[in-house]
Every structure is written in structure tokens, then in C-alpha cells.
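Here's the structure, in C-alpha cells; my notes come after.
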Amino acid sequence: MYEILAPSPDGQVLLRPLDSSGQRTGPDTTVVPSELPALVARRESAHKPRWVWRKAADWYPRLLATGVPLLRCHDLTLCGTVLTHSAYTAAFTSSLPDADSATDPSGILPPAGPPKGQGSLFDEGESVQGPSADELEAELVAQLGAISASDHPGRLRLLCAADSAGALIAAEMQAAGMPWDAVAHEALLADQLGPRPRGFERPARLEEKASELRDRLGAPQLNPDSPQELMRALHRAGIEARTTRAWELREFRHPAIPPLLEYKKLARLFAANGWAWLDSWVRDGRFRPEYVVAGVVTGRWASRGGGALQIPKQVRSAARALPGHKLVVADASQLEPRVLAALARDDAMAAAAQDADLYAGIAAAGFGGDRAKAKVALLGAIYGATTGESGRLMPQLARLYPRAVAFVEQAARDGERGLTVTTHLGRSSPPPSERWQRLQRSTSAEEQRRADAASRDRGRFTRNFVVQGTAAEWAECWLAELRLRLRRLAGHGLRAELVYFLHDEVMIHAQEEAAAACVEAVQEAATAAKRLLFGDAPVQFPVSIAVVDSYDQAK
DNA sequence: GTCAGGTGCGCG
DNA sequence: AAAGCGCGCACCTGAC
């Protein structure tokens, strides 16, 4: 059921079949790299092994480029990271070099940069380096043993499977790319910024706003991109702002404020998602960011290049389905509070969450129907708000849902004391830094004050970690279950591919005829994910789904 | 010239 | 320091 894929010393590639406990079940096979795709394709269609590799990036992008999608894998680096830190596994340490550093395996990966044409094939040199098959086999056996001996083998098995599926999906989504209409994007830029500037000057509309701003501040030399210059100019004009943030400037009534806010908005569009962004990141009608599975401490995905997880609403109209296709965009409604209800086994909160609108349900149960209050209170509990309206509402929330509130409070207390906390499936938070621990031992009054502040900061982090991290687990399982269903649809001639994933949101690019089936698949996957994590606990995870032509039409 | 750190703003 | 969590990226700034 397992099949190791590893470089062999002679520059060839070695395949080694193992059973479910990691025992060898047959002889090794060695092939030259150019014959690997055909061999892997044969093994895949024969018995769909779980491919074992150091990391998906070693093999999968190039297998995909030669048209060999795989069903499942065990990514030793991702699983090694989880198991090395998990509180469920007492004393496991991965022997792989980048598995015990919390996240970023940088230094090994090539530096971030625009996508390098679709992966060179195996026979063009650039062979995979790294641990041998023997070393990978030993690591696999150690990981499987650590899981079996852990406090929660089922949960850790699921987490490893989810991260591993994530590794496959990340590569598949990068290969597919999000359909991006560069012409529509350019039209939108021209509309808001003016024609594309030739050299390095500002676009016309941006320059207009800048000179209007200079006039109204009486600062003819001002560079509005310099916070220091801008701050001085604002003060000279009698605007006593403490920062140059847009939300703060909005409070002042002065003729310079409107052009300044417009300048900031347009400057952001120009710098972050302007013509340079299009040139760097959009090729052949696709936006192809690199996804980094579990790149965030909590287990959320990160991305490298192109700001893939921060596509502003402003430009989403350029993400367009091809003719004859639709975008199926789905997001999990109020995922984090629902996860909290399940984690804390707070049946009262789960009951309120039967409502498709969780905040409305909670408002009806205890906030006099005031949805805004219920939302602020709940988010405050998850994020650790202590002051303001949210802090004041906490006692009320604690009376309504003592179990849920006690659960996040416990996570906060643990963090403040320097303990680690752990998600439902077993991802543990990093231990406090050396610096943090030293600060806690300090004695002077001033240092004590700073130590208390650092302690509270860490409490807010661990409080949020358990909820955000478990939500990321639900979302990754949802994504993996969805992928399985889309593969099944493909078997019936309905083509649909995952093209985007953003924490609690997915996008499918589907043939029009497949859209309805995709909607059903998204629903079923959400139900399946809930069952995988929380069994038959009485908590609902509704998803809202839109079938649209462009991303801006969703929501 | 390069680099780290701060600021600001986009997303969930 | 927007009320609180998690990020990536562009740009400016001061240090080297």
C-alpha cells in the first residue's frame, strides 16, 4: 500500500513497495528518470499506492507536468513536522532536516520568484537530491510507530493524511492556476489609474491625486509614499494625526484628506496588483501562485509570490471562468465559532449554531436578538479581546456558553504560563522563545511589566491557536474530500478542477455541465469533513456556494 | 550598494 | 493600540 519514491545513488530513481506497517512486500525497482512517469502511472492505475516521498515538491510537479496525477501520498516532511511537535506523541523527532524547524524549509527551496515555466521534465538533468530510500523507509517506520503509540492515533493519522493530501492539492492547484483575464485586469487598471506609464513614473490618475494633495497641504515637494514626510506635512497643515493609517486619517475634516485617501487606495492597487503584478504572475491566462501547506504556525496554508491569499476585492472581476465554464466559489460560514462549539463540546452553543446564521442564532439565544453584539462578543472570545465593547460582553457570553468560554480561557492560561496547546487533530503550538522565558524570570519592576505584557500576548496567541488551527484542519479535510469527489466526477466525463483555496474558501473551475454536481460535491465534502473530525457531535458546518462567471460575483 | 526593521494595507 | 488572532508584500528608512 505504500510505495517509496527516492533518488538512488547512480542518478536513477528507486521505487520500493511496503505494506501498511512499513514492511517490504517486494523487490526494489530502479528506473532512469525519463522512464519514471510511465512507471509511476502503471503502479498508480494497478493499485493506487500511497506514495511516500521526502516532500511532494521533489516529484509531484514534474509528474503532473507529464500528465500523471496521483491519488494519495505520505509527505514525510509535513508529517515529520507535525509529529515532532505534537503533544500527542511524547518523544518523536523526525530525522529529516527541515521537518523539525517549525515551518519554512527555505534555504532548500529555490528562492521565491515568478513561476519557472511549467517544470522541466525528468530527463533534463536537475535530479532530485536528498535522503536515500533506506533513510526514508526508516523515517516512515518511525512515523507510523509514533502515530500508533500516541494518545490519539486516529487523529494523527487523519492530520497526516490531510496535510499530505494538501501537498498534492497545492501542486495541482499551482499547475492548474486560477483563470485570470489579463485584458479585463488591464481595462480595470486603465479605468482607475490611467494608461500604463512608460518608465517608472506614477500613472496619470495617481500623479493627479498626488499634486492635488500637495496643493491642499501647501507642500509642493511632498512624496506621499514617505510616511515621515507625509506626517510632517499633515502636522504643518494642522492635522494632528498620530499615524498615517487610512482609518485614522478618515476621522479628520480637512480638504487634503479626500485626495490623500484616494491616493493611498490607488497607490496600493498600482503597487500590489498593477501592471507589474500582471507581468510577473499571470501567464497564458492563469495566475499560478505557489501554495505552502501548513506554512502558518497554526497549520493554515501560506503562499509565496503574487500575494495569492490577499487578492483584493477590487480586482476579483479579472478572475473569470473560460467560455463554457463556471467558477464554483464556496466558503464555510462562520467556521471558527462553529469549531469552538465542537472543540468545547458546548451543546448549547451548537444548538444556537443550528441556524445557518450562527450569530443570529446566538443573538436570539442571549443577546436580545442583537446580531452585531453577539458577533463582537464571540470574536472577542476567540481573539482575546479584553477592552472595549467586546470585553464588556464577555461575562454575558460566559453565562450563556460556559463551556466554550472556559475552553478558550484555558488555552489562554496555558499560553500565559508558557505551556503549549494543541489542536483537535494534534498540531501543537511552538514553545515560548528563549527570550520570552528569560523575560518571565526577570525581577526588576520594569521587566516584570514587560513580562506580564508578553505573557498576555502569548495567551492571546494560544487562545486563538486552538481555534484557528482546528478550523484549518476542518478546511483541509473539506478540501481533500472535495478533491476525491471531483476526481469521481471526472470519471463520468464532468471536468472540474480546484483552482484556489483560502483558509475557509475554495474555488472550482468547472465545465458548465459540471457546476451542479460540483455544488453537491462541496456540500457532501463539508459533511464528510465534519464527521472525520467530530464524529456525530451535534454541530453543523454549513457552506455557502455561488456559481458565477467571475470571482467578484461570489458573496 | 545591500539588508533588517518598521509602517501600512490587502486577505481570512 | 481599531478589539482581539494569523499572514505576504511593497515601500521607506537608517545602518552597514
Side-chain angles (χ1 to χ4, degrees), chain A residues 103-104 112-113 200 202 223-231 241-251 260-261 263-274 276-277 280-281 289-292 294-316 331-337 339-340 372-373 375-394 397 408 411-412 415 421 423 427 429-430 453 456-472 475 500-506 551 555:
Chain A
T103 52
D104 184 276
F200 291 95
R202 292 190 178 91
N223 169 16
D225 294 329
S226 161
Q228 295 185 4
E229 282 184 44
L230 182 58
M231 187 67 98
R242 288 171 304 126
T243 73
T244 60
R245 293 186 174 98
W247 62 263
E248 189 179 343
L249 296 172
R250 213 160 278 135
E251 304 304 314
L260 175 52
L261 293 176
Y263 177 88
K264 279 175 167 287
K265 194 75 188 160
L266 292 178
R268 171 78 192 179
L269 174 63
F270 175 56
N273 296 97
W277 181 89
S280 304
W281 298 107
E290 180 185 353
Y291 295 92
V292 185
V296 176
V297 272
T298 56
R300 275 186 174 182
W301 290 19
S303 71
R304 233 183 327 239
L309 306 187
Q310 305 121 258
I311 301 172
K313 302 228 155 83
Q314 232 176 340
V315 303
R316 292 186 179 184
D331 75 283
S333 310
Q334 303 118 12
L335 177 57
E336 294 193 353
V339 160
L340 173 56
K373 262 192 188 171
K375 179 174 179 176
V376 162
L378 203 45
L379 291 179
I382 292 172
Y383 291 148
T386 52
T387 61
E389 193 193 7
S390 181
R392 282 195 301 279
L393 291 170
M394 280 294 280
L397 190 71
V408 286
V421 296
T423 61
R427 197 184 311 270
S429 67
R456 283 193 301 275
D457 286 350
R458 188 158 193 283
R460 283 195 302 278
F461 166 64
T462 52
R463 170 198 295 268
N464 185 252
F465 181 95
V466 291
V467 178
Q468 186 184 116
T470 304
Y500 192 56
F501 174 55
L502 176 58
H503 308 322
D504 62 355
E505 183 177 329
V506 298
Y551 190 16
K555 282 205 236 196

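For the numbers below, each heavy atom of this structure counts, side chains included, while hydrogens, waters and symmetry mates do not. Throughout, a chain's letter reflects where its sequence line sits, starting with A, and its residues are numbered from 1. The structure displayed is predicted, hence computed values, not measured ones.
Within the nucleic acid shown, A:V376 comes within 4.0 Å of at least one base atom, counting heavy atoms only. Heavy atoms of A:S303 sit under 4.0 angstrom from primed sugar atoms or phosphate atoms, though from no base atom. Residue contacts for A:R316: at a heavy-atom cut-off of 4.0 Å it reaches the sugar-phosphate backbone alone, with no base atom in range. At the heavy-atom level, A:R245 lies under 4.0 Å from the strands shown only through sugar-phosphate atoms.
You'll find that the side chain of A:T387 is closest to C:dA3, out of C:dA3, C:dG6, C:dG8. Residue A:W247 has its side chain nearest to C:dA2 when only C:dC9, C:dA2, C:dA1 are considered. Listed nucleotides: C:dC9, C:dA3, C:dG6. Nearest to the side chain of A:R268: C:dC9. Counting only heavy atoms from C-beta on, A:A385 has its side chain closest to C:dG4 among C:dG6, C:dG4, C:dG8.
Using a cut-off of 4.0 Å between Lys/Arg side-chain N and Asp/Glu carboxylate O, A:E251 and A:R242 are scored as not salt-bridged.
Considering only residues two or more places apart in sequence or on other chains, A:T243 meets the side chain to side chain donor-acceptor pair (under 3.5 Å) condition with A:E248. In this structure A:E505 satisfies the side chain to side chain donor-acceptor pair (under 3.5 Å) test together with A:Y551, sequence neighbours excluded. Residues passing the side chain to side chain contact (heavy atoms under 4.5 Å, CB included) test with A:K375, sequence neighbours excluded: A:Y359, A:R371, A:L379. Not counting sequence neighbours, the partners of A:A246 by the side chain to side chain contact (heavy atoms under 4.5 Å, CB included) test are A:R250, A:L261, A:K264. A search for side chain to side chain donor-acceptor pair (under 3.5 Å) contacts involving A:R458 returns nothing, not counting sequence neighbours. Residues meeting the side chain to side chain contact (heavy atoms under 4.5 Å, CB included) test with A:Q228, sequence neighbours left out: A:S226, A:R232. Take A:T423 and apply the side chain to side chain contact (heavy atoms under 4.5 Å, CB included) test, not counting sequence neighbours, and it matches A:R427, A:F465, A:T470, A:E473. Remark: A:R460 pairs with A:D457 by the salt bridge (Lys or Arg N to Asp or Glu O under 4.0 Å) rule, at least two apart or across chains. Residues meeting the side chain to side chain donor-acceptor pair (under 3.5 Å) test with A:Y291, sequence neighbours left out: none.
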Q: Summarise how protein sits on nucleotides 11-16 of chain C as a single string, 5' to 3': B when a protein heavy atom is under 4.0 Å from the base, S for sugar-phosphate-only contact, - for no contact.
A: SSSS--
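Look at C:dG4: its glycosidic torsion is within 90° of 0, and that puts it in the syn range.
Remark on DNA chain C: of its neighbouring residues A:F461 and A:G306, the 5'-side contact belongs to A:F461, judged by nearest-heavy-atom nucleotide.
Remark: the separation of the C1' atoms in B:dT7 and C:dA1 is 14 Å, to the nearest Å. Distance noted for atom C1' between C:dA3 and B:dG6: 22 Å (whole Å).
Residue A:R460 has a polar side-chain atom (N or O) positioned under 4.0 Å from OP1 or OP2 of C:dC5.
Across all non-hydrogen atoms, the minimal contact from A:L393 to A:A377 is CB-CB, 3.7 Å.
By the 5.5 angstrom centroid cut-off and the 30-degree plane limit, A:Y383 is classified as not stacked against the base of C:dA3.
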Q: Could you provide the dot-bracket string of DNA chain C, using ( ) for intrastrand pairs, [ ] for crossing pairs and | for bases paired to another strand, with Watson-Crick or G-U pairs below 3.5 Å?
A: ....||||||||||||
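With a heavy-atom cut-off of 4.0 Å to chain A, the contacted part of DNA chain B has its first and last nucleotide at B:dG8 to B:dG12.
Residues A:V297 and A:S429 are not in side-chain contact: their nearest non-hydrogen atoms beyond the backbone lie 4.5 Å or more apart.
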